[in-house]
Structures are given as C-alpha cells and as structure tokens.
Amino acid sequence: YSAKSSAQPLAFYDAAQDAHSPRRLMLMAELGNAIRQNELVLHYQPKVDLKTGHCVGCEALIRWQHPKLGQVPPFEFIPMAEMTEIIKPLSEWVLVKALEQTKEWHRKGIPMKVSINLSARNLVDYDFPLLVERHLKNNDFPAQSLEVEITESALISDPERSLQIIKRIHDLGVRFAIDDFGTGYSSMAYLKRLPLSTLKIDRTFVSDMLNDEQDEMIIKSTIGLAHSFGLNVVAEGVEDEETMQHLAHLNCEIAQGFYIAKPLPAATFEQWYIQHNKR
Ligand code: C2E
Ligand code: MG
Ligand code: MG
Ligand code: MG
C-alpha cells in the first residue's frame with residue numbers, strides 16, 4: 001500500500017494506520033540507527049528565477065539510503081518520525097548537513113541559498129531556535145541564506161507557541177516560507193502574524209493549471225495576495241515549459257519542479273548549477 005499510488009482521495013489516507021504496516025514498523029525501529037550510521041542523505045532541488053532563468057536557491061530534501069531496501073522516500077518515514085521524538089534529531093541532522101553543504105558551496109564561490117523543511121514538533125520545541133543559533137554560529141553561516149519551509153498543518157497543533165518559536169528563529173535572520181500553500185486550514189488572521197518572506201503554491205494547483213481554470217484562478221489570486229503582503233511566490237511542481245511560461249506571465253517570481261531539475265545529490269546539483277547559470 002502506498003499513499004502516492006493510491007487512487008483513493010487523500011482524506012482516506014491515515015498515517016497512523018499506515019504506520020502499523022510491517023515495512024513501516026521496521027523502518028521506524030531502524031531510523032535512529034540510520035541517522036547515526038549516516039544512511040540519510042540530502043538531495044537538493046533548484047529554484048529558478050522566472051525573469052532571469054538563474055538558479056537562486058535550492059530545497060534540501062531527505063532520502064534514506066537503506067542498506068537492504070535501497071532509496072526510501074521521505075513519505076515512508078517522515079510522517080512516522082513526526083509522531084515520535086525522533087523528528088528532533090532528524091531535523092537537527094538536516095539542518096547541520098544543509099548548512100555544511102551550503103557553506104562548502106559558498107567557499108567555492110557559489111552564492112547558494114538553502115531551504116529546509118521543519119515539522120510541527122520542531123515548531124513547538126523551545127530548544128530548536130537555540131539549535132539553529134548554535135549551528136549557524138558553528139558554520140559561520142549567513143542566516144539570510146537559510147530559509148525554513150513550514151506547512152500550514154505544521155502550525156495547527158499549537159499556533160501561539162509555534163508563532164513564538166518562528167519569531168525566535170526569524171530574529172536570527174532566517175527567512176520563512178509557507179509550503180504547500182492552499183491545501184491547509186490556517187486562517188488569514190493567523191498567517192498575517194507570521195514573519196513570512198515566501199508563499200510556495202502547492203503543486204496540485206500548478207500541475208494542472210493549463211487545463212483547469214479553477215486551479216489557474218487559485219494561482220492568480222494567491223500571487224495577488226502574496227504580492228499585496230510583500231511576499232515572493234514560488235510555484236512547486238513545474239513539469240513543462242508551457243506551465244513555466246505561464247507562471248512567468250502571471251508574475252510568479254520563482255519556479256521549482258521536475259521540468260527544471262529533480263532533487264539531485266549534492267555533487268550532481270553542483271554540476272547542474274555551474275552548467276545552468278552559465279547560460
Ligand atoms: P515538500 O517540502 O512540499 O517537497 C516537494 C516535494 O515535491 C518533493 O518530494 C519533491 O521531490 C517533489 N517535487 C518537486 N518537483 C516536482 C514535480 O515537478 N512533480 C512532482 N510530481 N513532484 C515534484 P519528496 O522529496 O519526496 O518530499 C516529500 C515531502 O516530504 C516534502 O514535501 C516534505 O513535506 C517532506 N520532506 C522531505 N524532506 C524533508 C526533511 O528533511 N524534513 C522534513 N520534516 N520533511 C521533509
Ligand atoms: Mg518543502
Ligand atoms: Mg511543498
Ligand atoms: Mg508538498
């Protein structure tokens with residue numbers, strides 16, 4: 001059973017239920033070790049400026065290089081990690097790896113910005129801003145080159161506390177983006193209080209925008225809303241040239257998607273970047 005290949009509506013997907021499948025239970029039991037034994041890797045997916053075509057940043061996306069199962073995608077272990085405390089060391093690992101890799105690119109003269117994904121539990125954890133502060137310092141990392149992506153659903157468990165924690169991280173100079181925008185339940189009244197720089201439009205709207213007028217309308221209104229609040233817009237899930245052109249026409253600033261590049265291992269990403277930004 002896979003959440004992604006299932007034809008059922010998303011509302012039927014029950015992560016808690018799925019967590020009891022033998023494969024998931026095994027993965028959960030092994031995850032702590034996987035972090036310690038370096039089986040996790042970050043892949044990097046470029047974000048390009050729709051005006052210049054240049055790559056202006058990347059999103060770090062986790063994969064598990066399992067010794068027996070091969071590459072395990074995040075939807076098979078992140079939802080379960082989020083149900084337990086293990087999401088804390090996991091997110092810290094992601095933070096450290098992303099900062100180290102990006103700092104390495106800075107040393108090579110590549111002015112990269114990196115985005116990481118955080119979970120609900122990280123956003124109610126008063127230690128997390130301290131970790132971010134410490135790791136920024138340890139890596140002598142310019143905070144403005146780090147962005148945190150958070151989904152609306154990650155905010156609902158304790159919105160007030162999440163707001164405090166987000167503000168503390170933001171005070172360090174880190175930028176924030178709302179991920180998968182348009183699929184959650186947060187109110188505008190709450191969202192306007194968050195120190196956001198960016199809205200990322202969920203790919204379910206982007207993938208069909210050329211055929212579905214309602215999706216296009218949602219995208220247009222989201223771009224208008226974002227701009228009136230002074231926010232940048234990233235469209236995720238751009239899979240063809242026409243969609244990319246149309247997004248540029250609608251004044252969307254940044255695109256991300258398989259048409260540009262899939263998430264790539266660090267070395268491959270670096271080669272892609274050098275080739276791409278030459279043009
Ligand atoms: P997300 O943050 O919304 O990441 C975008 C997902 O869309 C990625 O899937 C990416 O590979 C995929 N994608 C990008 N462009 C396209 C496209 O053009 N078409 C299609 N069909 N898909 C595209 P991935 O890497 O499997 O990650 C899935 C989700 O897992 C992420 O969604 C994020 O919520 C979570 N995730 C990934 N890495 C991390 C992590 O380090 N920490 C946490 N907490 N969550 C993570
Ligand atoms: Mg994301
Ligand atoms: Mg997303
Ligand atoms: Mg998504």
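Each ligand, and each atom within it, is numbered from 1 in the order the structure gives. Index from 1, following the sequence.
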| message | I want to know if ligand 1 touches Ser91 in the polar sense, i.e. an N/O pair below 3.5 angstrom. | response | no
| task | Would you check if the side chain of Glu253 reaches a backbone N or O of Val233 as a donor-acceptor pair within less than 3.5 Å? | result | yes
| Hey, looking at atom 15 (N) of ligand 1, which of Gln45, Glu236, Arg203 has the closest heavy atom? | Gln45
| said: For a side chain to side chain contact (heavy atoms under 4.5 Å, CB included) check, start with the C-alpha distance between Leu146 and Leu95, then their side-chain angles and the critical distance, and finish with the verdict. | reply: CA-CA 9 Å; Leu146 175 66; Leu95 171 70; 4.0 Å; yes
| message | With the threshold set at under 4.0 angstrom, would you say Gln256 reaches ligand 1 through any of its heavy atoms? | response | no
| said: Closer than 4.0 Å to some heavy atom of Pro263 - which atoms of ligand 1 meet that? | reply: 11 (O)
| note | For Ser119, the ligand 1 atoms with a heavy-atom partner under 4.0 Å come out as 44 (N)
| task | Output yes when a side-chain donor or acceptor of Asp212 lies under 3.5 Å from a complementary backbone atom of Met209, and no otherwise. | result | no
| task | Specify side chain, backbone, both or neither for Thr151, according to which of its non-hydrogen atoms lie closer than 4.0 Å to ligand 1. | result | neither
| task | For Asn122 and Ser91, test the side chains for any donor-to-acceptor distance below 3.5 angstrom and give the result as yes or no. | result | yes
| remark: In terms of its nearest heavy atom to atom 29 (C) of ligand 1, the top option of Pro79, Ala177, Pro74 is Pro74
| request: Give a yes or no on whether Gln214 atom CD has more than 12 heavy-atom contacts from other residues, nucleotides or ligands under 6.0 Å away. | output: no
| query | Regarding Trp64 and Gln71, is there a side-chain donor-to-acceptor distance under 3.5 Å anywhere? | reply | no
| message | I'd like to know whether ligand 1 has His43 as a neighbour, heavy-atom separation below 4.0 Å. | response | no
| query | What part of Val238, side chain from CB on, backbone N/CA/C/O, both or neither, has a heavy atom under 4.0 Å from ligand 1? | reply | backbone
| Close N or O approach (Phe258, ligand 1; < 3.5 Å) | yes
| said: Under 4.0 Å, counting heavy atoms only: does Gly237 come that close to any atom of ligand 1? | reply: yes
| field | Distance-only donor-acceptor check, side chains Gln164 and Glu160, under 3.5 Å | value | no
| query | Which atoms of ligand 1 have any heavy atom of Glu239 under 4.0 Å away? | reply | 17 (C), 18 (O), 19 (N), 20 (C), 21 (N)
| remark: Under 2.8 Å from the Mg ion (ligand 2), the protein N, O or S atoms found are Glu59 OE2, Asn117 OD1, Glu149 OE1, Asp179 OD2
| field | Reported CG-to-NE2 distance for the pair Asn251 and His227, which is rounded to 0.5 angstrom | value | 6.5 Å
| message | I want to know if ligand 1 touches Pro73 in the polar sense, i.e. an N/O pair below 3.5 angstrom. | response | no
| message | Show me which atoms of ligand 1 lie under 4.0 Å from any heavy atom of Asp179. | response | 1 (P), 2 (O), 3 (O)
| task | Looking only at distances, please establish whether an N/O atom of ligand 1 is found under 3.5 Å from an N/O atom of Arg63. | result | yes
| request: With heavy atoms of Val94 as the reference, note each atom of ligand 1 found under 4.0 Å away. | output: 41 (O)
| query | Is the gap between the ring centers of Phe269 and His43 under 6.0 Å? | reply | no
| remark: The side chain to side chain donor-acceptor pair (under 3.5 Å) partner of Ser115 among Lys200, Lys47, Arg175 is Lys47
| request: Count the heavy atoms of every other residue, nucleotide or ligand shown that sit under 6.0 Å from NZ of Lys113, and state whether that count exceeds 12. | output: no
| field | Check: Ile116 main-chain N/O paired with Glu59 side-chain donor or acceptor under 3.5 Å | value | no
| query | Do Tyr185 and Glu152 have a side chain donor and acceptor closer than 3.5 Å? | reply | no
| field | Distance-only side-chain donor-acceptor flag, Thr183 / Asp180, under 3.5 Å | value | no
| Are any of the N/O atoms in Asn117 less than 3.5 Å from those in ligand 1? | yes
